[in-house]
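This report refers to the structure that appears directly beneath it.
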Protein chains: 2
Amino acid sequence: MSGNPALKDHIAAGILDAAAAVLAERGEAASMADIAAAAGVGRATLYRRFPNREALLQALARAAVQELDDRLAEAGLDTAPYPEALARLTRAFVATGSKYIAFMRSGHKPIEPAEVDRRLGEPLRELFRRGAADGSLREDLPPEVLLALFVGLIEAALVTATQGGLGVERASAAAISVFLDGTRDPRRRNH
Amino acid sequence: MSGNPALKDHIAAGILDAAAAVLAERGEAASMADIAAAAGVGRATLYRRFPNREALLQALARAAVQELDDRLAEAGLDTAPYPEALARLTRAFVATGSKYIAFMRSGHKPIEPAEVDRRLGEPLRELFRRGAADGSLREDLPPEVLLALFVGLIEAALVTATQGGLGVERASAAAISVFLDGTRDPRRRNH
DNA sequence: TCGGAGTGGTACATTGAAGTCCTGTTCCGA
DNA sequence: TCGGAACAGGACTTCAATGTACCACTCCGA
């Protein structure tokens, strides 16, 4: 094979995709042999790309966060009104699919919580602040509770979309609709 | 020690409580030694009560489902109107705490899906049918999607209540409020 | 056609947890 | 006070997964 680094990255990305699928399904119980088999690659090759299991899990987590970060960046969240921005953010999460599920089922271990919060939690909180400011979001629930409930809805939609056969669009739409209606400011319940 | 079987059950229950706490926190990664230490019991004693790890996990899962089942039975779901019944059901889930979290983080593995569905899923679907029949629940989302989203909310509330410091009551109230408002039939949005 | 880099397969050592067994101790009931 | 049951602790074996090392093969470029 040529020394083309872009190709190597591409191969590594393919391995990560396969790893995401098997880790999303079987969780931490999946062995390196399982992952290699799922990627259609020899166990030795897997260890050639990632020196050990922890490195692979960390690379996978970083890929998940990076992909989501990219999707959020190109979603133009701050140029859209709150409900539309929330919808785009939700679709970004759900579209990340197995990669995010694997990251979520790892308990967010491989990455420092501060970084996850900065790159994923903060955009969400910023959105909530805007929603509260323009009167679209109820303010009787603390932001952390809103965040937790929203993430719960997103993760349910993610699993439904990826493993339940429902598509990204419909699963996202359901979660968005329930959250928006469920957290609308009561003084503005004119639909 | 006496051969009092009730006492033995009580000791076993104490071990299961400790196991639930450590498994809820560290997931499947927790070893038998960890569990024994958390229960304040020797590793040999742990193996005396539960012949192997799988037996312990299964006993824990059964205890979680049984406890939840009992709570649902005494909640009188079918004598209360839909919103109140849903609130009671939610509090029952959230009050089960670490035991349910451990069960949920095990991927519901130790128990057959059909049994879980019959004892936990079916009461929920029955409630949804009633809500739809009396016009309290929107019908534009398939029941399985409603179920998935509701479970997502419940699990988020469960973690927030148990590990996030918020109490059972407030976490449950938040989840119920968001779900009821978020899934109200649009034709009846008179608050 | 040839050389080398990358690959798959496999054999191997290492590690950590599961599960078994034994010993000395404690504690309860008779 | 005594006997037995259950206990904690630890030594031990087994086993599966991790990580390492090596070899033969393939494929690509020169």
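Proteins get letters first, then strands, A, B, ... in listed order; numbering begins at 1 in each.
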Is atom CZ of B:Arg170 surrounded by more than 12 heavy atoms (other residues, nucleotides or ligands) closer than 6.0 Å? no

Taken to the nearest whole Å, CG/B:Leu56 to C1'/C:dG19 is 14 Å

Could you list all N or O pairs between the protein and nucleotides 15-22 of chain D that sit under 3.5 Å apart?
| from | atom 1 | to | atom 2 | distance (Å) |
| --- | --- | --- | --- | --- |
| D:dT18 | OP1 | A:Met32 | N | 3.1 |
| D:dT18 | OP1 | A:Arg53 | NH1 | 2.9 |
| D:dT18 | OP2 | A:Met32 | N | 3.2 |
| D:dG19 | OP2 | A:Tyr47 | OH | 3.4 |
| D:dG19 | OP2 | A:Arg53 | N | 2.8 |
| D:dG19 | N7 | A:Arg43 | NH1 | 3.3 |
| D:dG19 | O6 | A:Arg43 | NH2 | 2.8 |

Dump the intermediate steps for salt bridge (charged side-chain N to carboxylate O under 4.0 Å, His left out) on A:Glu28 and B:Arg105, then the final yes or no. CA-CA 11 Å; A:Glu28 295 278 359; B:Arg105 293 188 57 162; over 6 Å; no

Derivation of the salt bridge (charged side-chain N to carboxylate O under 4.0 Å, His left out) call for A:Arg130 and A:Glu126: CA-CA 6 Å; A:Arg130 270 176 49 202; A:Glu126 170 60 26; 5.6 Å; no

Distance, rounded to the nearest Å, where B:Leu46 contributes CG and D:dG10 contributes C1': 16 Å

Under 3.5 Å, side-chain donor or acceptor atoms of residues 148-168 of chain B against the rest of the protein: list the pairs with distances, not counting sequence neighbours.
| from | atom 1 | to | atom 2 | distance (Å) |
| --- | --- | --- | --- | --- |
| B:Thr160 | OG1 | B:Ala156 | O | 2.8 |
| B:Thr162 | OG1 | B:Leu158 | O | 2.9 |

Check the distance between D:dA5's C1' and B:Arg49's CZ and give it to me in whole angstrom. 11 Å

Ion pair check, B:Arg118 and B:Glu112, cut-off under 4.0 Å: no

A:Arg88/A:Glu74 under salt bridge (charged side-chain N to carboxylate O under 4.0 Å, His left out): CA gap, chis, key distance, verdict: CA-CA 10 Å; A:Arg88 293 184 191 171; A:Glu74 74 179 331; over 6 Å; no

For the helix from C:dT1-D:dA30 to C:dA30-D:dT1, what is the angle between the axes at its two ends, each from 5 pairs, rounded to 10°? 20°

Would you mind reporting whether A:Gln66 and A:Arg119 have side-chain heavy atoms less than 4.5 Å apart? yes

Ring geometry between B:Tyr100 and B:Phe93 (parallel below 30°, tilted from 30 to 60°, perpendicular above 60°): perpendicular

